[in-house]
Structures are given as C-alpha cells and as structure tokens.
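Everything quoted here is computed from the prediction, not taken from an experiment. Just follow the structure's listing: the first ligand is 1, and inside any ligand the first atom is 1.
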Amino acid sequence: MKTAVYPGSFDPITNGHLDIIIRAANIFDRLVVAVLNNSSKTPLFTVEERVELIRDSIPKVPGCEIEVTSFDGLLADFAQSIGATTVIKGLRAVSDFEYEFQMALANRKINHRLDTAFLMTSERYMYLSSSLVRDLGRYGGDISDFVPLKIQKRVIDKLRK
Ligand code: ADP
C-alpha cells in the first residue's frame with residue numbers, strides 16, 4: 001500500500017488544497033492530510049477546527065483511503081511514523097519552488113527514503129492561498145469561489161467575528 005502525506009497549515013482549507021488532495025488521492029492508496037501544529041504562528045482556526053473543516057470538505061475518492069490528522073515536530077519523522085514514503089506538495093507559481101526544493105532536500109537528508117512529489121495546481125487556483133481567503137473574508141469580500149461549499153458559512157462566521 002502506497003501512503004503519501006500532504007502537510008500544510010490549511011488555515012483554512014481552500015479549493016486549491018482540495019484540488020491537490022483529489023489529485024493525490026487518484027495516485028496513492030492512502031493519503032494522510034496533516035495539519036501542522038506550528039506554535040510560532042497565531043492561526044485563525046485552531047488545529048482541531050482545521051482538521052474538522054478538512055474532514056467536512058473532502059469527497060470520497062474510490063481506491064484511496066483519506067485520513068486527516070495533525071502533527072508537530074519534523075515532517076520527516078511524522079512521515080516515517082505513519083508509513084508514508086512520499087510527501088505531496090502543491091505548486092502554484094515559480095515562487096513556491098525555491099522554498100519547496102530546499103524543504104524537499106532537507107526532508108530527504110533526514111529520511112533518505114522520503115521523496116517529495118509536486119503536483120501542479122489547476123490554473124484557476126494559481127493565485128489562491130489561505131491568507132487571501134482570510135484577507136478577503138475579513139473585509140466582506142466574496143470567498144465563495146475559493147472555499148469548499150460545505151464549510152463556507154463557518155469560515156465567514158469566524159472571519160466576521
Ligand atoms: P497557504 O497558507 O499558502 O495556502 P499551506 O501551508 O496551507 O499554504 O499549504 C499547504 C500546501 O498546499 C503547500 O504545498 C502549498 O504549496 C499547497 N497549496 C496551497 N494553496 C494551493 C493552491 N491554490 N494550489 C496548489 N497548491 C496549493
């Protein structure tokens with residue numbers, strides 16, 4: 001069974017993330033979407049809320065078992081603990097590449113059996129990020145094209161608080 005891990009902040013999950021999740025689920029037998037518990041950042045949603053929003057957004061993909069969880073510490077160690085041999089990363093623009101390239105090599109240095117697979121986003125999500133959703137939503141902008149339908153109300157309620 002081929003397991004991949006898709007790590008990120010997901011604060012909140014966007015349609016860009018969802019696009020990558022579905023693409024990855026069509027390739028791997030098991031996909032673990034892992035919310036990074038990063039104590040140095042002050043997120044909008046708690047880790048538990050982010051996990052729940054992801055669980056409520058993802059569709060069933062035949063042939064792939066999708067799990068959602070959180071982790072802290074090193075991604076390479078977490079990947080090993082769940083039996084993942086591949087890290088999934090979404091690439092939006094060239095600007096994502098340099099940082100991701102560095103991270104991929106660092107992860108492989110820590111765990112030499114761990115590879116990173118970059119999946120290209122759909123062009124309609126190229127400019128989409130969680131921070132764009134947060135900024136737009138906070139000032140009353142329309143985020144309906146950017147956030148999965150099932151969680152839009154919860155995201156808007158939180159942003160307007
Ligand atoms: P962000 O806060 O920038 O949205 P995350 O840390 O939540 O980023 O992102 C997790 C992963 O998802 C990263 O690999 C990132 O490149 C990827 N990603 C984020 N948004 C998109 C998108 N619109 N299209 C493709 N990949 C994306």
Side-chain angles (χ1 to χ4, degrees), residues 3-28 31-59 61 64 66-76 78-79 82 84-108 110-111 114-138 141-152 154-156 158-159:
T3 300
V5 55
Y6 178 38
S9 305
F10 305 104
D11 188 31
I13 182 171
T14 68
N15 284 334
H17 295 129
L18 198 58
D19 181 71
I20 298 294
I21 290 171
I22 293 165
R23 286 173 196 284
N26 281 318
I27 303 173
F28 291 90
L31 177 68
V32 179
V33 182
V35 177
L36 173 62
N37 193 354
N38 184 346
S39 54
S40 68
K41 276 193 190 171
T42 315
L44 174 66
F45 291 94
T46 66
V47 170
E48 294 74 24
E49 286 171 329
R50 284 179 269 158
V51 167
E52 198 179 308
L53 290 173
I54 299 170
R55 284 202 181 122
D56 292 346
S57 302
I58 48 181
V61 178
C64 183
I66 307 179
E67 295 165 30
V68 186
T69 188
S70 62
F71 76 104
D72 43 33
L74 290 178
L75 173 63
F78 174 71
I82 57 166
T85 49
T86 309
V87 177
I88 299 295
K89 286 294 182 135
L91 276 189
R92 279 164 290 201
V94 187
S95 52
D96 277 342
F97 182 76
E98 207 166 328
Y99 174 73
E100 295 295 355
F101 184 59
Q102 184 187 21
M103 290 302 292
L105 291 178
N107 282 327
R108 204 162 57 189
I110 302 167
N111 175 351
L114 189 61
D115 268 303
T116 303
F118 293 99
L119 298 181
M120 226 63 79
T121 185
S122 305
E123 57 282 11
R124 60 192 173 132
Y125 301 133
M126 259 194 79
Y127 55 87
L128 183 52
S129 66
S130 296
S131 62
L132 177 76
V133 166
R134 292 196 300 271
D135 291 345
L136 259 180
R138 207 168 268 147
D142 180 7
I143 59 166
S144 56
D145 282 346
F146 304 145
V147 172
L149 195 63
K150 286 185 181 160
I151 63 160
Q152 278 176 15
R154 270 178 281 168
V155 172
I156 292 168
K158 181 90 165 193
L159 282 164

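- Heavy atoms from both the backbone and the side chain of K89 come within less than 4.0 Å of ligand 1.
- In terms of protein heavy-atom proximity, atom 8 (O) of ligand 1 is nearest to H17 NE2, 3.9 Å.
- Regarding atom 24 (N) of ligand 1, its nearest protein heavy-atom neighbour is T121 OG1, 2.9 Å.
- With a 4.0 Å cut-off on non-hydrogen atoms, I20 touches ligand 1 through its side chain and not its backbone.
- Among the atoms of S131, none of the N or O lies under 3.5 angstrom from an N or O of ligand 1.
- Relative ring orientation between F71 and F78 is described as parallel, the plane-to-plane angle staying below 30° on a 0-90° scale split at 30° and 60°.
- At the top of the distance list for atom 12 (O) of ligand 1, counting protein heavy atoms only, stands Y6 OH, 2.6 Å.
- Ring geometry for Y6 against F10 counts as perpendicular: the plane angle is over 60°, on a 0 to 90° scale with 30° as the lower cut.
- For D56, the side chain to side chain donor-acceptor pair (under 3.5 Å) test picks out R154, with sequence neighbours left out.
- In this structure, T14 does not count as a contact residue of ligand 1, since none of its heavy atoms falls inside 4.0 Å of the ligand.
- Partner of P12 under the side-chain contact (heavy atoms from CB on, under 4.5 Å) criterion, chosen from R50, K158, R134: R134.
- Residues satisfying the salt bridge (Lys or Arg N to Asp or Glu O under 4.0 Å) test with R138, not counting sequence neighbours, are D135.
- Distances between N or O atoms of D11 and those of ligand 1 include no value under 3.5 Å.
- For the pair P7 and ligand 1, a heavy-atom separation below 4.0 Å is found.
- D19 contributes no side-chain N or O that, together with a main-chain N or O of N15, makes up a donor-acceptor pair within less than 3.5 Å.
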